[in-house]
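All remarks here apply to the structure that follows.
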Amino acid sequence: MIGKGGERFQHLLSEYVREEDCFEKVVTLAGVDVSYKGDIASVACVAMEEGVVTQEVTWIGQPSFPYVSSFFALREFPLIYEAVRRVPCDLLFVHGHGRAHPRKFGLACHTGLYFQRPTVGVAGRILVGEFDNSYGDWTYLHFQNEAVGALVRTQEKMNPIVVSVGHMISLKSAVDYTRLSVMAHRFPEVVHLAHLLSRKTLDSR
DNA sequence: GCGACAG
DNA sequence: ATCTTGTCGC
């Protein structure tokens, strides 16, 4: 596995994550996702402005690290880096966790810190934390005596998604922008489209 | 020891 | 993530 060194590395870098809104206005949104087929990875980054797709970038590569829960960035960051670096945006949604992570340093934090951009992590399942089961549209996710994320019900009758700060944004804003960015699916539209595009790119090759 | 464990 | 058919619901 990775060992204590990897955990210390994440703990150390988590200190540099900023949880305040470090932006003026959000015009361009972007989302990244990855699909796999054997040892081939397909990355897609989609940008939107006012509900209209303005840029699509794809990248095919090979993961150089196995999937290990809580060390997801070691596997996916080198891959999403190639697509994200070509897509300028005001706010980036990453499919994975941000601060809602054992060492408060998930893939979204890793990505936000590297690019120094406002980043939000959106995941389909909880990695760490507890929450009050009775809530309306959303509720905070607590871990080690602090709110590290939020469960957001983006669609009725569907399981909530886990939203957390990646970098340069407050948790409340992360929740607000996530809800504003969801259209007809469980995840923010840019992430949903990136998922479809990465999948499509993989199938047609 | 046993179960959990982002994608 | 991926392997996979039908099926319930809007």
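Numbered from 1 within each chain, the chains take letters A, B, ... in sequence-line order.
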Per A:His195 side chain, nearest of listed nucleotides B:dC5, B:dG7, C:dA1: C:dA1
A:Gln10 CD to B:dA6 P, straight-line distance once rounded to whole Å: 14 Å
Whole angstrom value for the distance that separates P of B:dC5 from CZ of A:Phe71: 17 Å
Co-membership, hydrophobic cluster, residues A:Phe93 and A:Val182, 4.5 Å side-chain: no
For residues 127-146 of chain A, tabulate all N or O donor-acceptor pairs below 3.5 Å that involve a side-chain atom, not counting sequence neighbours.
from     : atom 1 : to       : atom 2 : distance (Å)
A:Asp137 : OD2    : A:Arg179 : NH2    : 2.9
A:Glu146 : OE1    : A:Lys104 : NZ     : 3.3
A:Glu146 : OE2    : A:Lys104 : NZ     : 2.8

Heavy-atom protein contacts under 4.0 Å, nucleotides 5-10 of chain C, coded B base, S sugar-phosphate only, - none: -----S
Between C1' of B:dA4 and CZ of A:Arg125, the distance in whole Å: 10 Å
Rounded distance (Å) that lies between atom C1' of C:dT4 and atom CG of A:Asp203: 14 Å
Proximity to the side chain of A:His95 - top-ranked nucleotide from C:dT2, B:dC5, C:dA1: C:dA1
Residue pair A:Thr119 / A:Leu91, side-chain heavy-atom distance below 4.5 Å: no
Inter- and intrachain pairs under salt bridge (charged side-chain N to carboxylate O under 4.0 Å, His left out), touching residues 53-81 of chain A, at least two apart: none
Hydrophobic cluster of A:Val43, others only, ordered by chain and residue number, side-chain cut-off 4.5 Å: A:Val32, A:Val34, A:Tyr36, A:Trp59, A:Tyr67, A:Phe72, A:Phe77, A:Leu79, A:Ile80, A:Tyr81, A:Val84, A:Leu92, A:Val94, A:Leu107, A:Tyr114, A:Phe115
Which atom pairs, one a donor and one an acceptor, fall under 3.5 Å between side chains of residues 161-171 of chain A and the rest of the protein, sequence neighbours left out?
from     : atom 1 : to       : atom 2 : distance (Å)
A:Ser164 : OG     : A:Gly98  : N      : 2.7
A:Ser164 : OG     : A:Arg99  : N      : 3.4
A:His167 : ND1    : A:Arg18  : N      : 3.0
A:His167 : NE2    : A:Gln116 : NE2    : 3.3
A:Ser170 : OG     : A:Asp21  : OD1    : 3.3
A:Ser170 : OG     : A:Ser173 : N      : 3.1
A:Ser170 : OG     : A:Ser173 : OG     : 3.0

Where at least one partner belongs to residues 169-205 of chain A, residue pairs that pass ring-ring contact (aromatic ring centres under 6.0 Å, His included), sequence neighbours excluded: A:Phe23-A:Tyr177, A:His95-A:Phe187, A:His185-A:His192
A:Ser198 versus A:Ser35, side-chain donor and acceptor atoms under 3.5 Å: yes
Side chain to side chain donor-acceptor pair (under 3.5 Å) partner of A:Ser70, the single match among A:Arg103, A:His101, A:Gln10: A:Arg103
Nonpolar side-chain network containing A:Val87, other nodes, edges under 4.5 Å: A:Val57
Value in whole Å for how far the C1' atom of B:dA6 lies from CD1 of A:Ile126: 11 Å
Nearest-Å distance for atom pair CG/C1', residues A:Leu79 and B:dG7: 12 Å
Derivation of the side-chain contact (heavy atoms from CB on, under 4.5 Å) call for A:Asn159 and A:Arg186: CA-CA 8 Å; A:Asn159 291 323; A:Arg186 189 156 86 115; 3.7 Å; yes
For DNA chain C, stems built from three or more consecutive Watson-Crick or G-U wobble pairs below 3.5 Å: none
Remaining members of hydrophobic cluster (4.5 Å side-chain criterion), A:Leu202: A:Ile40, A:Ile60
Hydrophobic cluster (4.5 angstrom, side-chain heavy atoms) - remaining members for A:Leu12: none
Length of the NE2-C1' vector between A:His101 and B:dC5, whole Å: 11 Å
A:Phe65 CZ - B:dA6 P separation (whole Å): 15 Å
Contiguous Watson-Crick or G-U pair runs (3 or more, under 3.5 Å) in DNA chain B: none
A:Glu156/A:Arg153 ion pair, N-O < 4.0 Å: no
Within residues 32-44 of chain A: residues closer than 4.0 Å to DNA chain C (heavy atoms): A:Ser35, A:Tyr36
